[in-house]
Asks: 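Here you go, one structure.
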Amino acid sequence: MRKKIVAGNWKMNTLLKDGMELAKAVEKLEKDKQSDALLIIAPPYTHLSRVNDLIDNVKLAAQNCASEESGAYTGEIAPDMLVSAGVEYVIIGHSERRSYYHEDNELLNKKTKLAISKGLKPIFCCGEVLEEREQGRLFDVIREQLTVGLAGLNMEDIKQVVIAYEPVWAIGTGVVATPDQAQEMHKFIRDLLIELFDKEVADNMTILYGGSCKPSNASELFANPDVDGGLIGGASLKAEDFLGIANAY
Ligand code: PGA
C-alpha cells in the first residue's frame with residue numbers, strides 16, 4: 001500500500017505570526033482527520049524552525065533547497081540546514097522554480113541527489129505547459145523531466161522520493177485537470193518508473209496531483225487509482241480547506 005499524502009505549498013505567503021497560526025490550526029484539525037493521508041506543510045524558509053515546534057503529526061517541508069552542500073552561495077539554503085531546522089521533505093522542481101528561476105532538469109537532478117544524501121525526502125515536481133499539451137508533447141516533456149531529474153538514483157534513493165504531477169496550466173489558474181487527464185498522466189508516470197527503476201518502485205511511488213485542487217474537486221481526482229494525493233497551493237492557506245481536501249478521500 002503506498003502512502004497517501006496531502007501537502008500544502010504555502011509559496012511566498014504569510015508573515016511569521018500568521019504562518020505559525022496556520023500551522024497550529026492545521027495540526028489541531030489533523031487530529032480529527034477522516035482519512036489516513038499524511039499531511040505535510042511547506043512554509044517559507046523563515047518560518048520553518050518556529051513551525052517545527054508547533055507540529056507533530058503534520059510533517060514539515062521546505063519549498064526549495066540549494067544544489068551545493070555549503071560555502072560561498074549567498075542567499076542559498078543547504079539541505080543540511082533544513083534538516084537541522086526539523087525539515088523532513090523538500091519540494092524540488094516546482095514549475096515556478098523552473099520558469100522564474102530557470103532551474104533546469106540537470107540542476108534539479110543535482111538538488112535531488114544532494115537532498116537525499118542529507119536525509120531529506122524530495123517531492124519532485126513535473127508538469128507540462130499548455131502549449132506542450134496542445135501540441136501533443138506532454139508525455140515527452142514529463143518523460144524528459146523525470147528521466148533527467150531522477151537520473152543516477154539507486155533503488156534506495158528512489159524510495160525517498162514523492163512525485164508531484166502539476167500541469168502548469170492548472171497551477172493557480174482555477175482550471176483543474178479533469179480526473180481522466182490526471183489519471184492518464186499518473187499512469188504514464190507509473191509505467192515510466194517501471195522502465196527507469198522497477199515494478200516495485202512504481203507500485204510503491206506516491207504520485208500527487210497539483211493544480212487548482214480544492215475541497216470541491218479533490219474527491220473525484222483522488223478517486224483515480226494512480227492519484228495518491230495532492231500538492232496544494234492556494235487552498236493550503238486556509239486550514240479548513242486544506243483539511244477538507246485531506247478528508248476528500
Ligand atoms: P494551486 O498551486 O493549488 O494554487 O494551483 C499548486 C502548486 O503550485 O503546488
Asks: For Leu107, is there any backbone N or O sitting under 3.5 Å from a side-chain donor or acceptor partner on Ser67?
Replies: no
Asks: Using every non-hydrogen atom in the two residues, find where Val51 and Ala23 come nearest and quote the distance to one decimal.
Replies: CG1-CB, 3.7 Å
Asks: Between Glu103 and Asn64, does a side-chain contact (heavy atoms from CB on, under 4.5 Å) hold up when you go through it step by step?
Replies: CA-CA 11 Å; Glu103 297 193 358; Asn64 182 27; 4.1 Å; yes
Asks: Are Val162 and Phe188 joined in one hydrophobic group, where the rule is that I, L, V, M, F, W and Y side chains link up if heavy atoms are under 4.5 Å apart?
Replies: no
Asks: Are the side chains of Leu16 and Thr46 in contact, using a 4.5 Å heavy-atom criterion?
Replies: no
Asks: Roughly how far, to the nearest 0.5 Å, is CD of Gln135 from CG of Asp140?
Replies: 11.0 Å
Asks: Can you give me the closest heavy-atom contact between Gly174 and Ser212, atom names plus distance?
Replies: N-OG, 2.8 Å
Asks: Pair Leu192, Phe139 - check side-chain contact (heavy atoms from CB on, under 4.5 Å), show working.
Replies: CA-CA 10 Å; Leu192 179 62; Phe139 298 109; over 6 Å; no
Asks: Whether the side chain of Arg190 engages the backbone of Met205 through a donor-acceptor N/O pair (distance < 3.5 Å, no angle test) should be reported.
Replies: yes
Asks: If you draw a 6.0 Å radius around NZ in Lys187, do more than 12 non-hydrogen atoms from other residues or ligands fall strictly inside?
Replies: no
Asks: Got a sec: does the CZ of Arg50 have more than 12 other heavy atoms crowding it under 6.0 Å?
Replies: no
Asks: Give the cluster check for Ile142 versus Leu231: same hydrophobic cluster or not, with ILVMFWY residues linked at side-chain heavy-atom distances below 4.5 Å.
Replies: no
Asks: Okay, side chain of Tyr165, backbone of Gln183: is any donor-acceptor separation there less than 3.5 Å?
Replies: no
Asks: Please examine the side chains of Ile40 and Lys59, heavy atoms only from C-beta on, and report whether any two atoms are closer than 4.5 Å.
Replies: yes
Asks: For the pair Asp157 (side chain) and Asn154 (backbone), establish whether a donor and an acceptor sit closer than 3.5 Å, ignoring hydrogens and angles.
Replies: yes
Asks: Does any non-hydrogen side-chain atom of Leu193 lie less than 4.5 Å from one of Ile189?
Replies: yes
Asks: Main chain of Gly119, side chain of Gln160: is a donor-acceptor contact present, judged purely on distance under 3.5 Å?
Replies: no
Asks: Drop me the distance from Lys31's NZ to Asp56's CG, to the nearest 0.5 angstrom.
Replies: 6.5 Å
Asks: Are Asp226 and Arg2 within salt-bridge range, i.e. N to O under 4.0 Å?
Replies: yes
Asks: Between OG of Ser219 and CG of Asn224, what distance do you get to the nearest 0.5 Å?
Replies: 11.0 Å
Asks: Salt bridge or not between Lys24 and Glu27? Use side-chain N to carboxylate O under 4.0 Å.
Replies: no
Asks: CE of Met12: more than 12 outside heavy atoms within 6.0 angstrom?
Replies: no
Asks: Taking Arg137 for its side chain and Glu128 for its backbone only, find out whether a donor-acceptor pair lies under 3.5 Å.
Replies: no
Asks: With a 4.5 Å limit on heavy-atom distance, are the side chains of Ile41 and Phe242 in contact?
Replies: yes
Asks: Are the side chain of Lys17 and the backbone of Thr14 linked by a donor-acceptor contact shorter than 3.5 Å?
Replies: no
Asks: Between the side chain of Asp32 and the main-chain N/O of Leu29, is any donor-acceptor distance below 3.5 Å?
Replies: no
Asks: Side chains of Glu69 and Lys118: does their closest heavy-atom pair fall under 4.5 Å?
Replies: yes
Asks: Report yes if the side chains of Asp228 and Ile5 come closer than 4.5 Å at any heavy-atom pair, otherwise no.
Replies: no
Asks: Decide whether Tyr209 and Trp169 are clustered together by the hydrophobic rule: side chain heavy atoms of Ile, Leu, Val, Met, Phe, Trp, Tyr closer than 4.5 Å, transitively.
Replies: no
Asks: Can you check whether Lys111 reaches Leu114 side chain to side chain, under 4.5 Å on heavy atoms?
Replies: no
Asks: Mind listing the closest non-hydrogen atom pair of Val141 and Gly127 along with its distance?
Replies: CG1-O, 4.2 Å
Asks: Looking only at heavy atoms, what is the nearest atom pair of Leu39 and Ala246, with distance?
Replies: CD2-CB, 3.6 Å
Asks: Per the side-chain contact (heavy atoms from CB on, under 4.5 Å) rule, which among Leu108, Asn109, Ile163 passes with Leu150?
Replies: Ile163
Asks: Name the residue from Met185, Glu144, Gln145 that meets the side-chain contact (heavy atoms from CB on, under 4.5 Å) definition with Cys126.
Replies: Gln145
Asks: Just checking Glu131: does its CD atom have more than 12 heavy atoms from other residues, nucleotides or ligands closer to it than 6.0 angstrom?
Replies: no
Asks: Quick check for you: to the nearest 0.5 Å, what is the distance between Lys238 atom NZ and Leu243 atom CG?
Replies: 14.0 Å
Asks: Between atom CG of Asn204 and atom CZ of Phe197, what is the distance when rounded to the nearest 0.5 Å?
Replies: 13.5 Å
Asks: For residues Asn247 and Pro215, determine if any side-chain heavy atom of one lies less than 4.5 Å from a side-chain heavy atom of the other.
Replies: no
Asks: Between Phe222 and Tyr249, how do the two ring planes meet: parallel, tilted or perpendicular, split at 30° and 60°?
Replies: parallel
Asks: Is there a path of hydrophobic side-chain contacts, each under 4.5 Å between heavy atoms of I, L, V, M, F, W or Y residues, that connects Leu146 with Val129?
Replies: no
Asks: Could you note down all residue pairs passing salt bridge (charged side-chain N to carboxylate O under 4.0 Å, His left out) where residues 202-216 supplies at least one of them, sequence neighbours left out?
Replies: Lys199-Asp203
Asks: Ignoring hydrogens and geometry, is there a side-chain-to-backbone donor-acceptor pair from Asp241 to Ala235 under 3.5 Å?
Replies: no
Asks: So which heavy atom on Ala25 is nearest to which on Ala239, and how close?
Replies: CB-CB, 3.6 Å
Asks: Should Leu208 and Ile116 be regarded as members of a common hydrophobic cluster, given that ILVMFWY residues are connected when their side-chain heavy atoms come within less than 4.5 Å of each other, either directly or indirectly?
Replies: no
Asks: Would Thr206 and Lys4 count as a side-chain contact (heavy atoms from CB on, under 4.5 Å) here? Give the steps.
Replies: CA-CA 7 Å; Thr206 298; Lys4 291 175 185 167; over 6 Å; no
Asks: Identify the heavy atoms of Leu38 and Asn57 that sit nearest to each other, and give their distance.
Replies: CD1-O, 4.2 Å
Asks: Side-chain donor-acceptor contacts of residues 78-95 below 3.5 Å, not counting sequence neighbours, with atom names and distances?
Replies:
residue : atom : partner : partner atom : Å
Ser84   : OG   : Met81   : O            : 2.7
Glu88   : OE2  : Lys121  : NZ           : 3.0
His94   : ND1  : Glu96   : N            : 2.9
His94   : NE2  : Glu166  : OE1          : 3.3

Asks: For a side-chain contact (heavy atoms from CB on, under 4.5 Å) check, start with the C-alpha distance between Val168 and Leu130, then their side-chain angles and the critical distance, and finish with the verdict.
Replies: CA-CA 7 Å; Val168 180; Leu130 187 58; over 6 Å; no
